[in-house]
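Just so it is clear, the model here is predicted, and its values are computed rather than measured. Each residue takes its place number in the sequence, starting with 1.
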Amino acid sequence: MRPDLLPVILETLDAIVVVLDPEGRIVVLNGGAEQVSGYTSEEVEGRRFWEVFTPDGEAPDARGIFERILAGHDLDGHEHDWVDADGVCRTISWRTRALEGSGGEAGLIVATGLDVTALRGAENHAASFAAEGLAQDARIEALEASERKLSGIVSLAPDAIIFTDAKQTITLFNEGAERIFGHTASEVVGRPLGVLLPERFRTIHREHVVGVGQSPVQARKMGERHEISGLRKDGVEFPAEASIVKLDLSGERIYAVLLRDVSERVRAQETQRFLAEVGEVLASSLDYDETLRSVARLSVRSLADFCIIDRVKDDGSIERVEVAHRDPARSDAAEALLRFPLDRRRRHLMGRVLVGGEPEVYEDVSDEHLASLAQGAEHRSLLQALECRSYMVIPLQVRNRLTGAVLLGSTEPGRRYGEDDLALAIDLARRAALAMDNARLYRDIKKALRGRDEVLGAVSHDLGNPLQAIAIAAQALEKSVAETDTKGRYYLDALARSVELMERLIRDLLEVRRMEAGFLSMDRACHSIEPLVTAALEVLEPLAAVKSIRLVAEPPAGGLRPVDVDPDRVVQVLSNLVGNAVKHTPGGGEVAVRIRPEVEEILVSVEDTGPGIPEEDLSLIFQPFWRARKSPGGGIGLGLSIAREIVHSHGGRIWAESELGRGSAFHFTLPYHTAPGEDGE
């Protein structure tokens, strides 16, 4: 190899790169700098360059060079000694550039260096030989040594290093290029560079190289405007990153190309994008059938040409629930395969995985393999119609329970599934299994809710008539019991209270059912809040009197703006809150309703002198059917839940505050009534 190619090759190799801030502090070291210096980037980050790498006594010179660079001087080819982590002094040849900041001020300093210690050592060695009359031999030895070193670097570099002449004919093809492209050097040297590119990119690539030749810029990264793909010997394309450098040597134009196979990185990026989309799509629906279709649709779009999904039913039997094919021409075959009555006791495509629960990959599928899994001539014909060349079977598992399996198949001759494909398929299956299980649970919950609603409807209907009969009988008995019959009157009062309680429980159950179905009716209009408070307290006054509890209503001084509410619903909220407070307040206590005007709404508070609510229960009290462990009296825990839904339906807020031993306060807000034109529209 010609020694004068050294600058070109060094441009294309990964060199030492150090990035500094305007104060000379190290921002980052690249991999080459870490390898040569023995430091990691994290170990030296934030320290000044000359404090880390400069030999004793040379820091002022190094700082002076840095200040010249900062002043705008691009210093190329200056050599500077630095000390590595082991204390060894090395000679580095530097090229530096000062980048301008966003405001025009000095930005980062990028220094690219090469370790020329061995070359300088050879030169010094040659100088000592010159003193003995052997200088010429030493120089020849140094040049040969540098050429051998350079040839070794180029040969062993993991990236492809390719040289061409001015006509873009390949003149050098290193071992890295042989590994990446699959060609030997003897097969491509002397041929056009375009043989290493897909045909659709050859014209634009040739124009790009011509542009580099005509440009004053010596080096340029390819692919800035268009993607770069390489073409392997077997015809497989791969994504690549490439840089090109030009050099004129003795009147000869030379191009050097450094190309890196980035298939793994691109695959990782595509995998992350795919899994992110999978998560978004699968989370968009809780419908079980739609989730199955989404899994199949995502699979045949990115991972496979066809997809088969089997499900393990609750009784342990297995059913085929989805078959999808990318090619619309094979949709009939897919539909027929979905309907085919498989004998699960015999061998079939997914049998081993559904029994053992371990994924399997079949890289190459032969006709004999499919024939061994076919259950008769019709089934074999359907399997052959898929034109399967390779396939994977992955179990669907949730919480260590096998819920099914998914088969992903390829029909492309050049695509054979491997470990990377299997890892991605397993990740997809994990997400799919969870989404399918969530959809199943949601379906079961809806079924249970429908059953509950049917029971509630039957119970409310069947209990309504007997309760009405009991109430009528109690009223008739009341007329026949003498006023002096204290014991009879006591039992009649107890009977009436029990009937009232049961009727309220039935109303609450039906109310919750209507709210969950979205049928909470509202008849809103302009009303004053004070009469609604009075109406609620009048109903509860007898209950409070029995416990000697004082009910207090405290409207603010002055008038209140009307509110936009359904009056019956607001009375229901007040009755639930005040009734709850009376139930939990000891005899002789007080329950007060206080009203306070706010800027955009009215605030209503129901305060009691009861025992208070534990802090851990405050976040639970508005949940349906929730009751405190030591809650007195009847009820099924729906009053506060109903109150919350009514307030929210009005556009208000509701919350509770409490302190053990000091009582509780329930607050809710209601919007003011706005007359036409008052909202500024």
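- Under a 4.0 Å N-O distance rule, the pair D437/R440 qualifies as a salt bridge.
- Heavy atoms only, all atoms of each residue included: A429 and V406 are closest at CB-CG1, 4.3 Å.
- The CZ atom of R644 sits 13.0 Å away from atom CG of N576, with the distance rounded to the nearest 0.5 Å.
- The shortest heavy-atom contact between A405 and V393 is CB-CG1, 4.3 Å.
- Between R594 and A592 the shortest heavy-atom distance is NH1-CB, 3.4 Å.
- Under the 3.5 Å distance criterion, the side-chain polar atoms of R48 are matched with a main-chain donor or acceptor of E23.
- Using a 4.0 Å cut-off between a side-chain N of Lys or Arg and a carboxylate O of Asp or Glu, E290 and R297 qualify as a salt bridge.
- Going from atom NE2 of H348 over to atom CG of L342 covers 6.0 Å, rounded to the nearest 0.5 Å.
- Among V647, I602, L603, I646, the single residue meeting the side-chain contact (heavy atoms from CB on, under 4.5 Å) criterion with F668 is V647.
- Of all heavy-atom pairs between D608 and A581, the closest is OD2-CB, 3.8 Å.
- Between H325 and F306, the two ring planes are parallel [angle under 30°; tilted spans 30° to 60°].
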Could you go step by step and tell me if E657 and E607 meet the side-chain contact (heavy atoms from CB on, under 4.5 Å) rule?
CA-CA 9 Å; E657 298 173 345; E607 303 173 2; over 6 Å; no

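- Taking each heavy atom of L408 and C307 in turn, the nearest pair found is CD2-SG, 4.0 Å.
- Taking CG from L532 and CG from L670, the interatomic distance works out to 9.0 Å, rounded to the nearest 0.5 Å.
- Taking 4.5 Å as the limit, some side-chain heavy atom of D310 sits within range of a side-chain heavy atom of R344.
- Within the model, atoms CG of L303 and CG of L424 stand 4.5 Å from one another, a figure rounded to the nearest 0.5 Å.
- No side-chain heavy atom of E590 sits less than 4.5 Å from a side-chain heavy atom of T585.
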Run the numbers on H667 and S605 for side-chain hydrogen bond (donor to acceptor under 3.5 Å, both in side chains), then give the verdict.
CA-CA 4 Å; H667 312 281; S605 301; 2.6 Å; yes

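- Ionic pairing of D427 and R431 is present here: one or more N-O contacts between side-chain nitrogen and carboxylate oxygen are shorter than 4.0 angstrom.
- Rounded to the nearest 0.5 angstrom, I549 CD1 and E541 CD are separated by 10.5 Å.
- In plain terms, the two heavy atoms of L292 and E322 that are nearest each other are O-CG, 4.2 Å.
- Atom CZ of residue R320 and atom CD1 of residue I318 lie 10.0 Å apart, to the nearest 0.5 angstrom.
- No side-chain heavy atom of L537 sits under 4.5 Å from any side-chain heavy atom of L574.
- Relative to the ring axis of Y672, R561 places its NZ or CZ within 45° and under 6.0 Å from the centre.
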